[in-house]
Amino acid sequence: MGMDGKILKGSFTVEAALISGLWLFTIFAALLLILGEYQRIYDTGKAYETAVRGASQAVCASDSTEAAAEQEAGFWTARDKETIQVGFQNSIQIPFSDLEWNQEGRAERKIIKPVVFIETVNAARRLAGNLIR
C-alpha cells in the first residue's frame with residue numbers, strides 16, 4: 001500500500017528490473033575471475049613441468065650451455081649452469097572498455113646431477129666421520 005492507501009502494483013517488477021543488471025554484472029565478473037585464475041594455474045603448471053623436463057634433459061646433455069627446454073607461445077626459457085627458469089606472460093581480453101588482464105609467472109628448477117650429488121654426500125659423510133673420531 002502506498003502512503004495514500006492505494007495498492008502499488010508492479011513495484012516489484014520495477015525493482016527487479018533495476019537490480020537484474022547488477023546481478024548479471026556480478027555473475028559475469030565471477031565467471032571471468034574463475035576462467036582467468038584457471039588459465040593462470042594451468043600456465044604455472046605448464047611452466048613447472050617444462051622446467052623439470054628441461055632440468056632432466058640438462059643432466060643428460062653433453063653440452064652444458066645449450067638450452068634444454070623448448071620455446072612455446074607466451075613462454076620463455078633461460079638457463080645457466082645451475083638452474084633453468086621458465087616464465088610466461090599472458091594477456092586475457094576483458095570484453096569491456098578494451099581492458100586487459102595481464103598475467104605473468106616464473107618457475108625455476110635447479111639442475112642436480114646425481115653423480116655429483118652422491119659424491120658430495122659421500123664426501124660430507126667422510127668428513128663428518130673424521131671429525132667425530
Side-chain angles (χ1 to χ4, degrees):
M1 290 196 139
M3 292 173 48
D4 56 358
K6 295 181 182 178
I7 297 175
L8 299 176
K9 294 182 178 180
S11 64
F12 180 73
T13 306
V14 173
E15 292 169 359
L18 293 175
I19 294 177
S20 65
L22 182 63
W23 282 107
L24 285 174
F25 175 76
T26 304
I27 289 170
F28 284 118
L31 285 174
L32 181 67
L33 180 66
I34 290 169
L35 291 175
E37 282 300 307
Y38 175 78
Q39 184 66 40
R40 187 182 62 81
I41 291 168
Y42 177 78
D43 287 342
T44 302
K46 193 173 181 181
Y48 273 103
E49 288 176 6
T50 304
V52 168
R53 184 174 355 113
S56 299
Q57 289 176 358
V59 170
C60 300
S62 60
D63 184 12
S64 63
T65 59
E66 70 184 37
E70 59 192 37
Q71 297 284 336
E72 293 188 29
F75 284 78
W76 57 267
T77 304
R79 175 172 181 215
D80 57 15
K81 292 183 178 183
E82 296 180 0
T83 61
I84 290 185
Q85 296 177 356
V86 179
F88 68 90
Q89 187 171 6
N90 204 6
S91 179
I92 297 175
Q93 299 293 327
I94 298 173
F96 177 73
S97 183
D98 294 331
L99 295 175
E100 289 183 355
W101 183 1
N102 294 320
Q103 299 174 339
E104 54 186 52
R106 176 181 292 176
E108 186 173 311
R109 175 76 175 166
K110 281 191 84 134
I111 299 172
I112 299 175
K113 297 188 178 185
V115 174
V116 175
F117 180 72
I118 292 170
E119 289 174 353
T120 305
V121 169
N122 287 338
R125 286 182 182 164
R126 282 192 303 271
L127 180 64
N130 291 338
L131 292 175
I132 292 175
R133 292 183 195 171

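The first residue of the sequence shown is numbered 1, and numbering continues consecutively from there.
- Residues Gln103 and Gln89 fail the side-chain proximity criterion, which asks for heavy atoms closer than 4.5 Å.
- Atoms CD and OH, on Glu108 and Tyr48 in that order, are 8.5 Å from each other to the nearest 0.5 Å.
- Scanning all heavy atoms of the two residues, the minimum distance from Ser91 to Asn102 falls at OG-OD1, 3.3 Å.
- Here the straight-line distance linking atom CG of Leu24 with atom CD1 of Ile19 works out to 12.0 Å at 0.5 Å rounding.
- In this structure, Leu127 CG and Asn122 CG are separated by 12.5 Å, a value rounded to the nearest 0.5 Å.
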Apply salt bridge (Lys or Arg N to Asp or Glu O under 4.0 Å) to Glu37 and Arg40, showing your working. CA-CA 5 Å; Glu37 282 300 307; Arg40 187 182 62 81; 2.8 Å; yes
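- Here Thr83 contributes atom OG1 and Arg109 contributes atom CZ; the two are 11.5 Å apart, rounded to the nearest 0.5 Å.
- Rounding to the nearest 0.5 Å places OG1 of Thr44 at 9.5 Å from CD of Gln39.
- For the pair Phe88 and Ala47, the tightest heavy-atom approach, listed with the atom from each and the gap, is CD2-CB, 4.2 Å.
- How far CG of Leu99 is from CD of Gln93: 9.5 Å, rounded to the nearest 0.5 Å.
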